[in-house]
Amino acid sequence: MVLSNITHFSPMFYLSGFPGLEAFEHWIFIPFFLMYLVAISGNCLILIIIKTSPRLHTPMYYLLSLLALTDLGLSVSTLPTMVGIFWFNYHGIYFGACQIQMFCIHSFSFMESAVLLVMSFDRFVAICHPLRYSSIITVHRVMRAGLCVILRGPVALIPIVLLLKNFPYCGPLVLSHSFCLHQEVIHLACVDTTFNNLYGLSLVVFTVMLDLVLIALSYGFILYTVACLASQEEQIRAFQTCTSHLCAVLVFFVPMMGLSLVHRFGKHAPPAVHLLMANIYLFVPPMLNPVIYSIKTKEIRRAIIRFLGFRKVNSESWG
């Protein structure tokens, strides 16, 4: 039900699917279901592989497992409302549930950005200071960095998410996506939301945008070091160690910048464009990251083959 009066307590929001395509929502959910299947099973497989392979118990793969956990959390955050809309044709969401979902979505997004930053520093040290790598990148330092990554987003988000509960909401309480985002909910408030807007903008600038600048700086040093290597073979070998991470960076930040540009300059664009960019931003990175690391990282690929071969032998012996 869409509420049009001023609501002070526990409003219910209406989540949109794909306007005009309500008759095909069951069919639309099929590609989303496949993306969820690849994302959840792929990231779970990465976590199992790293846990069960002693050779992968190194700082680099601990960071990869943190990335897989983040992608898994991001996928699970949007799953309940997507299933409700496209499978059960239920578009309503209570304010408390909406708060929890937006907190999880934004937290895992900030966490993924931070994980990619730490991984870029790992690649920087591995290529620019290879002899000091084992003394700089230790398991204890990775654990401390992982703790900071986990806490940074949620702690920073708590104030603006909690403040939403104090605002009255008016007008049609319709959200244009299939999930709750802070930047949409705040526009439905009937009071001055300058603090939330400025705080949210500052949060994005000093977390995600700063992460992107530092990642670019790391790759600037990496490219300079690679260019100074003696032979082309050494250059290719050195840069190949970064290809997986570089692909993950592009997969995460390019859709994010596209979504920002659409929100900033595409106010008159069709709603389908906004929906498409938001869905690409939230669904594509968790789906592609395990595929990228499975294909591009030799150790992960070998571990998966060994794991699947071991499972096959066990199933045959039981049969």
Should the ring pair H91 and Y14 be called parallel, tilted or perpendicular, given that the plane angle runs from 0 to 90° and is split at 30 and 60? parallel
Is the distance from the ring center of F103 to that of H182 below 6.0 Å? no
Going by atom types only, do Q101 and T81 share a side-chain donor-acceptor pair under 3.5 Å? yes
Is there a chain of hydrophobic side chains (I, L, V, M, F, W, Y, each step under 4.5 Å between heavy atoms) that links Y169 to I100? no
Are V38 and Y281 connected into the same hydrophobic cluster when the rule is that any two of I, L, V, M, F, W, Y join if their side-chain heavy atoms are below 4.5 Å apart? yes
Applying side chain to side chain contact (heavy atoms under 4.5 Å, CB included), run through S77 and F108 and close with a yes or a no. CA-CA 9 Å; S77 298; F108 284 117; 3.6 Å; yes
Please test D122 against R141 for salt bridge (charged side-chain N to carboxylate O under 4.0 Å, His left out), starting from the C-alpha separation and ending with a verdict. CA-CA 11 Å; D122 173 80; R141 285 177 178 170; over 6 Å; no
Can you label the angle between the F13 ring and the F95 ring as parallel, tilted or perpendicular, going by 30° and 60°? tilted
Geometric class of the F86/F32 ring pair [parallel <30°, tilted 30-60°, perpendicular >60°]: parallel
Geometric class of the F179/H177 ring pair [parallel <30°, tilted 30-60°, perpendicular >60°]: parallel
So, T297 versus Y61: side-chain donor-acceptor pair below 3.5 Å or not? no
Sole candidate of I137, V118, L147 that passes side chain to side chain contact (heavy atoms under 4.5 Å, CB included) when paired with V142: I137
Would you say the side-chain atoms of Y219 and H245 include a donor-acceptor pair closer than 3.5 Å? yes
